[in-house]
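Here is the structure we will look at.
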Amino acid sequence: MASTSNRTGGDSFYGGAAPYRSREGLSTRPVASSDEIQLRIDPMHGDLDDEISGLRSQVKQLRNVAQEIGSEAKFQKDFLDQLQMTMIKAQAGVKNNIRKLNKSIIKHGSNHIVHVVLFALFCFFVVYMWSKLSRR
């Protein structure tokens, strides 16, 4: 088992908190629930006060890591909510612009039809007048 001087290690995987280690007098036993840690104390080889203070420091480090994870999760949630609201606003803006574009196309399309009809009437009038003048 590891000694007390090795308790500060594990910075990369545990986020600053050392993995659960103990000296010879105190050892961990695996349990079914991940929320519990069971310890077997050998009063002949271990100093209980040192082990308890070491476990308290590890619990504090784990609590700090959990708080950091919680604050980062809250930040990420807020960021995603803002991104979702931005996307909803962008979709609404695109929808409004498409609606305006369709109205403009319909309006200008109608103007083109009116121009074609007026041109056809003008051509009909020119042909009618030409036929009247050519009969004389």
Side-chain angles (χ1 to χ4, degrees):
M1 301 277 167
S3 67
T4 309
S5 63
N6 289 338
R7 274 189 235 195
T8 59
D11 196 32
S12 63
F13 183 73
Y14 295 100
Y20 294 112
R21 298 182 191 172
S22 176
R23 292 188 293 191
E24 291 179 17
L26 201 59
S27 61
T28 60
R29 292 187 304 205
V31 290
S33 173
S34 63
D35 295 340
E36 300 177 5
I37 300 172
Q38 291 185 358
L39 300 172
R40 184 178 69 231
I41 302 171
D42 184 5
M44 299 300 289
H45 295 97
D47 186 9
L48 185 59
D49 292 335
D50 287 344
E51 291 299 325
I52 289 174
S53 64
L55 288 174
R56 283 184 180 157
S57 67
Q58 286 183 349
V59 168
K60 286 179 185 176
Q61 288 174 345
L62 288 173
R63 186 179 300 132
N64 291 340
V65 169
Q67 287 175 349
E68 286 293 323
I69 290 171
S71 65
E72 182 66 24
K74 184 182 180 304
F75 173 76
Q76 293 292 332
K77 182 185 177 294
D78 292 343
F79 177 73
L80 288 175
D81 289 343
Q82 288 177 347
L83 186 61
Q84 187 176 16
M85 286 303 297
T86 303
M87 289 298 294
I88 289 171
K89 288 178 183 178
Q91 285 175 343
V94 167
K95 195 178 209 181
N96 286 338
N97 287 338
I98 287 176
R99 189 177 304 129
K100 289 178 183 177
L101 186 61
N102 284 339
K103 286 180 183 178
S104 175
I105 288 171
I106 290 170
K107 179 182 175 184
H108 288 93
S110 298
N111 286 343
H112 291 307
I113 292 172
V114 168
H115 290 142
V116 168
V117 169
L118 288 176
F119 180 72
L121 287 175
F122 177 74
C123 289
F124 180 74
F125 179 74
V126 168
V127 169
Y128 175 76
M129 292 304 282
W130 184 52
S131 67
K132 285 287 188 177
L133 290 174
S134 66
R135 284 189 193 181
R136 287 187 176 177

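Since we're looking at a predicted model, the values are computed, not measured. When a residue number appears, it is its place in the shown sequence, counting from 1.
- Atom CD1 of Ile69 is separated from atom CD of Gln67 by 11.0 Å, given to the nearest 0.5 angstrom.
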Inset, instruction - Evaluate the criterion side chain to side chain contact (heavy atoms under 4.5 Å, CB included) for residue pair Gln91 and Val94; output intermediate values, then yes/no. - result: CA-CA 5 Å; Gln91 285 175 343; Val94 167; 5.8 Å; no
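- One hydrophobic cluster holds both Leu121 and Ile113 under the rule that ILVMFWY side chains link at heavy-atom gaps under 4.5 Å.
- Dense packing is recorded around CD of Gln76, with more than 12 heavy atoms of other residues, nucleotides or ligands lying under 6.0 Å away.
- Between the side chains of Asn102 and Arg99, no donor N or O sits under 3.5 Å from an acceptor N or O.
- Separation of atoms CD (Gln82) and NZ (Lys77) is listed at 11.0 Å; rounding is to 0.5 Å.
- Annotation: the span from Phe122 atom CZ to Phe119 atom CZ amounts to 8.0 Å, rounded to 0.5 Å.
- For the residue pair Ser57 and Gly54, the shortest heavy atom distance occurs at OG-O, 2.7 Å.
- Distance check, rounded to the nearest 0.5 Å: NZ of Lys95 to CD1 of Ile98 gives 9.5 Å.
- Taking OG1 from Thr86 and CG from Asp81, the interatomic distance works out to 10.5 Å, rounded to the nearest 0.5 Å.
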Inset, instruction - Kindly indicate, with the supporting measurements, whether the criterion side chain to side chain contact (heavy atoms under 4.5 Å, CB included) is fulfilled by Gln61 and Val65. - result: CA-CA 6 Å; Gln61 288 174 345; Val65 169; 5.5 Å; no
